[in-house]
Number of protein chains: 2
Amino acid sequence: MSQTPLPNEQLADALMTTSFITMAMINRIGAEHDLSLSMIRVLGILWDRRLRMTELAGYLGLEKQTMSGLIARAEKRGLVARAPNAEDGRATDVFLTDAGTELVKRLQAQGQEALTPLIGKLGESDQQHLQELLERMLKDWKG
Amino acid sequence: MSQTPLPNEQLADALMTTSFITMAMINRIGAEHDLSLSMIRVLGILWDRRLRMTELAGYLGLEKQTMSGLIARAEKRGLVARAPNAEDGRATDVFLTDAGTELVKRLQAQGQEALTPLIGKLGESDQQHLQELLERMLKDWKG
DNA sequence: TATTGTTATACTCTATAACTATA
DNA sequence: TATAGTTATAGAGTATAACAATA
């Protein structure tokens, strides 16, 4: 006599609270560099990828026109560059410049630093366990 | 011979990735209701509190003028209300209306539902453990 | 004088609509 | 005809600056 498992509401709430706190930290760090959360996401996604405008918009769930504006501003600041796509004459590739790559490294380091006090509320063994659980949850997630 | 514990960089990265995924879900849910992440935070904070404009701005790390605009739009939509503060003639209290309270309940339920597939990647025992670790990490956090 | 809040202004972010160029 | 991208426009979100009212 099995029943459909109820969603773990308390876990969902804890994830949402954790995420709001983490996002507030990332938002604050971004503000120091005049970067919005969307711009940080764009740069982060481009870390190990060269994408077309439409693909990039798809990753972020934004309209292509919105991406045009974001990329135009990022390009103006020298963080990304655009180049015509080799296969499709209509498409434009976007990728990080060296300055953009350095900035992403910096942001990641600052994010790690900012999270240290929160993480430090757990002992080393619990930290290890939390890391494993999160990584298992994220594995192969198509988000 | 002890050494200063290094910050757990992999855990920090997992928290940031989890948060970006969770925020994307919440952002999508908010969009269905024409609510930005900031507006959702405002409504969420007012869930169990009646706050003055400046206090509210402090919670979100925003300037008071920004909060004036957010609250003006929320008030126009009937989600919050303003009233003069009893003790300080300069201050204005903000609180949820009944419609605002209903909306927050709805948003929380939708958030729980949206997170179910992600949470479901872990077994019940792991879910329970993850919840405990997150709650222990969040306990008494002044964020 | 200092604090609380609003208004004025400017820029970023976002979507809808219209357009150009290529497939 | 459909798709990729940009430009035009409008509204929300944000900060800096200036202001009115109260402490």
Side-chain angles (χ1 to χ4, degrees), chain A residues 20 23-24 26-46 50-95, chain B residues 20 23-24 26-46 50-95:
Chain A
F20 274 115
M23 280 298 119
I26 293 174
N27 195 46
R28 178 180 51 70
I29 292 167
E32 294 174 13
H33 299 272
D34 273 305
L35 296 170
S36 66
L37 284 179
S38 288
M39 189 66 89
I40 290 175
R41 284 182 75 195
V42 167
L43 299 178
I45 286 167
L46 290 177
R50 178 190 179 103
L51 294 174
R52 294 148 59 131
M53 292 293 295
T54 303
E55 290 173 324
L56 196 47
Y59 270 90
L60 271 79
L62 297 174
E63 294 298 316
K64 56 186 180 177
Q65 317 84 284
T66 302
M67 196 49 60
S68 280
L70 274 167
I71 294 303
R73 286 185 288 273
E75 189 177 39
K76 202 172 189 178
R77 293 172 60 176
L79 302 175
V80 305
R82 281 189 263 212
N85 181 276
E87 284 92 36
D88 190 333
R90 301 168 298 180
T92 301
D93 290 339
V94 188
F95 51 93
Chain B
F20 274 115
M23 279 298 119
I26 294 174
N27 193 47
R28 178 180 51 70
I29 292 168
E32 295 174 12
H33 299 271
D34 272 304
L35 296 169
S36 67
L37 284 178
S38 288
M39 190 66 88
I40 290 175
R41 285 182 74 194
V42 167
L43 299 178
I45 287 167
L46 290 177
R50 178 190 178 103
L51 295 174
R52 295 147 58 130
M53 292 293 295
T54 304
E55 291 173 325
L56 195 48
Y59 270 90
L60 271 79
L62 296 174
E63 294 298 316
K64 56 186 179 177
Q65 316 85 286
T66 302
M67 195 49 60
S68 279
L70 274 167
I71 294 302
R73 286 185 287 273
E75 191 178 38
K76 203 172 188 177
R77 293 172 60 176
L79 302 174
V80 305
R82 282 188 262 211
N85 182 276
E87 284 93 36
D88 189 333
R90 301 168 299 180
T92 301
D93 290 340
V94 188
F95 51 92

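First the proteins, then the strands, lettered A, B, ... as listed; each starts at 1.
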Below the 4.0 Å mark, does [N] have OP1 or OP2 next to a side-chain nitrogen or oxygen of [X]?
X	N	result
A:Ser68	D:dT6	yes
A:Arg82	D:dG5	no
B:Ser36	D:dA12	no
A:Thr54	D:dT3	no
B:Ser38	D:dA12	no

Nearest-nucleotide wise, let me know which of A:Asn27 and B:Gly89 is further upstream toward the 5' end of DNA chain D. A:Asn27
What verdict does the salt bridge (Lys or Arg N to Asp or Glu O under 4.0 Å) test give for B:Arg77 and B:Asp34, after you've listed the backbone C-alpha separation in whole Å, the side-chain angles of each residue and the deciding distance to 0.1 Å? CA-CA 11 Å; B:Arg77 293 172 60 176; B:Asp34 272 304; 5.6 Å; no
Nearest-angstrom distance from the residue atom [atom1] of [X] to [atom2] of [N]:
X	N	atom1	atom2	answer
B:Glu87	C:dG5	CD	P	13 Å
B:Leu43	D:dG13	CG	P	11 Å
A:Leu70	C:dA15	CG	P	10 Å
A:Ile71	C:dT14	CD1	P	12 Å
A:Met67	D:dT3	CE	P	20 Å
B:Arg52	D:dA23	CZ	P	11 Å
A:Leu35	C:dC11	CG	P	18 Å
A:Ile40	C:dT12	CD1	P	16 Å

So if I take every side-chain heavy atom of [X] and compare against [options], which nucleotide ends up nearest?
X	options	answer
B:Thr92	C:dC13, C:dG5, D:dA15	C:dG5
B:Met53	D:dA15, C:dT6, D:dG5	C:dT6
A:Arg90	D:dA15, D:dA4, C:dT3	D:dA4
B:Gln65	D:dT14, C:dT16, D:dT16	D:dT16

Determine the sole option in A:Met39, A:Lys76, A:Arg82 for which the side-chain contact (heavy atoms from CB on, under 4.5 Å) test with A:Ile71 is passed. A:Arg82
Which residues pass the side chain to side chain contact (heavy atoms under 4.5 Å, CB included) test with A:Thr54, not counting sequence neighbours? none
CG/B:Leu70 to CG/B:Leu62 distance, rounded to the nearest 0.5 angstrom? 6.5 Å
A:Glu63 vs A:Asp88, nearer the 5' end of DNA chain C by closest nucleotide: A:Glu63
Measuring only between side-chain heavy atoms, which start at C-beta, is A:Ile45 closer than 4.5 Å to A:Leu51? yes
NA contact type, A:Asn85, heavy-atom cut-off 4.0 Å: base, sugar-phosphate, or nothing? nothing
